[in-house]
Amino acid sequence: MAYPAKISRAAIVQIALQMVEEGGAEPPSLRAIARRLNVATNALYNYFPDRADLNAAIAVVGSRKMLAAVKRTIGGTDAREALDRFSMAFLRFARNHPQLYDFLNENHPGGQEAATLFREWAELMNLAWSPFYRPAMMPKVIFAHAALLHGMITLERQWLWRKAKEHFDFANKTMLDALVGSKHTRRRPAKTGDAVLTFPWN
């Protein structure tokens with residue numbers, strides 16, 4: 001195989017992401033990606049010295065894809081409607097991209113690019129929950145919300161829970177009602193002032 005005249009880190013990651021989405025049981029190897037690109041494997045080591053570096057880059061791009069899907073669904077809504085839409089977008093993405101969702105749960109990127117991405121996730125989560133809770137409480141309620149969503153996907157896909165999709169609306173409504181009140185109830189936003197951004201995974 002000839003050494004490629006033109007190749008980029010972004011092109012390699014996009015091909016790798018596509019291969020993850022196609023349903024491979026394992027993250028794609030550099031050799032497999034090189035075959036798909038029709039280049040020599042050694043050419044890729046200039047961009048990714050090892051498998052961990054490649055997996056981290058795939059995770060960043062995949063997580064950003066999920067974040068974009070959630071943002072599109074939330075749109076300009078706020079308060080309780082934003083939380084409902086967040087739930088729907090999260091589950092829709094996990095259902096439509098099962099291999100990528102599993103990959104994101106197994107691979108956690110680092111570095112400045114990942115830090116920027118994590119901050120965007122934190123900003124979105126804080127924006128959705130800030131009308132109801134002060135920053136100190138947000139990690140707890142966001143964890144509860146995420147646990148429900150991830151648990152629903154686990155029951156639906158791995159345990160083959162019968163009619164899991166039909167049960168989601170009830171589970172989501174019940175939990176959000178408990179945390180923030182009925183979606184039809186008007187509630188005064190909590191006073192957050194100039195509080196620092198809370199990262200829910202800390």
Side-chain angles (χ1 to χ4, degrees), residues 1-73 86 89-126 138-140 142-159 196-202:
M1 247 175 234
Y3 192 90
K6 291 184 180 180
I7 196 171
S8 68
R9 182 181 175 92
I12 296 169
V13 173
Q14 285 300 325
I15 288 295
L17 181 66
Q18 179 182 336
M19 294 173 72
V20 169
E21 296 247 46
E22 288 171 357
E26 295 291 333
S29 65
L30 289 174
R31 179 172 296 180
I33 295 170
R35 285 199 300 267
R36 181 70 64 92
L37 290 170
N38 195 33
V39 299
T41 303
N42 287 345
L44 305 189
Y45 284 104
N46 293 322
Y47 302 93
F48 298 100
D50 55 42
R51 176 74 167 269
D53 189 30
L54 172 61
N55 289 352
I58 298 171
V60 167
V61 174
S63 184
R64 187 165 292 283
K65 181 176 181 177
M66 185 175 188
L67 176 63
V70 173
K71 283 184 174 181
R72 283 195 303 270
T73 301
F86 185 102
F90 186 103
L91 289 185
R92 185 184 302 117
F93 188 92
R95 288 165 178 159
N96 292 341
H97 306 274
Q99 299 293 341
L100 177 55
Y101 181 76
D102 289 345
F103 182 91
L104 295 178
N105 281 301
E106 295 294 329
N107 296 272
H108 306 284
Q112 184 57 48
E113 189 176 13
T116 299
L117 173 63
F118 292 159
R119 185 172 184 85
E120 290 181 35
W121 271 109
E123 289 173 348
L124 182 65
M125 295 172 180
N126 278 262
M138 285 187 197
K140 296 180 175 62
I142 291 173
F143 177 85
H145 195 184
L148 168 73
L149 298 175
H150 183 68
M152 286 295 299
I153 288 297
T154 300
L155 292 174
E156 182 179 316
R157 291 174 45 206
Q158 298 182 8
W159 292 8
V196 297
L197 184 65
T198 302
F199 287 84
W201 38 81
N202 288 341

Stepwise ring pair (Phe, Tyr, Trp, His ring centres under 6.0 Å) check, His97 with Phe93: CA-CA 6 Å; His97 306 274; Phe93 188 92; 4.4 Å; yes

Partner residues of Arg64 under the salt bridge (Lys or Arg N to Asp or Glu O under 4.0 Å) criterion, sequence neighbours left out: Glu120

Backbone N/O of Ala34 and side chain of Asn38: donor-acceptor pair under 3.5 Å: no

Shortest non-hydrogen contact between Thr41 and Tyr45, atoms and distance: O-CD1, 3.5 Å

Tyr47 side-chain N/O to Ile7 backbone N/O, donor-acceptor pair under 3.5 Å: yes

Intermediate values then yes/no, side-chain contact (heavy atoms from CB on, under 4.5 Å), Asn107 and Ile58: CA-CA 9 Å; Asn107 296 272; Ile58 298 171; over 6 Å; no

Electrostatic pair Lys71-Glu123, nearest N-O below 4.0 angstrom: no

Validation row, ring centre His150 to ring centre Phe90 under 6.0 Å: no

Interatomic distance, Leu17 atom CG to Leu100 atom CG [nearest 0.5 angstrom]: 5.5 Å

Nearest heavy-atom neighbours spanning Trp121 and Ser63: NE1-OG, 3.0 Å

Side chain to side chain donor-acceptor pair (under 3.5 Å) partners for Lys65, two or more places apart: Glu21

Any pair counted as salt bridge (Lys or Arg N to Asp or Glu O under 4.0 Å), so long as it reaches residues 47-62, sequence neighbours left out: Arg9-Asp53

Residue pair Phe48 / Leu30: nearest heavy atoms and the distance that separates them: O-CD1, 3.6 Å

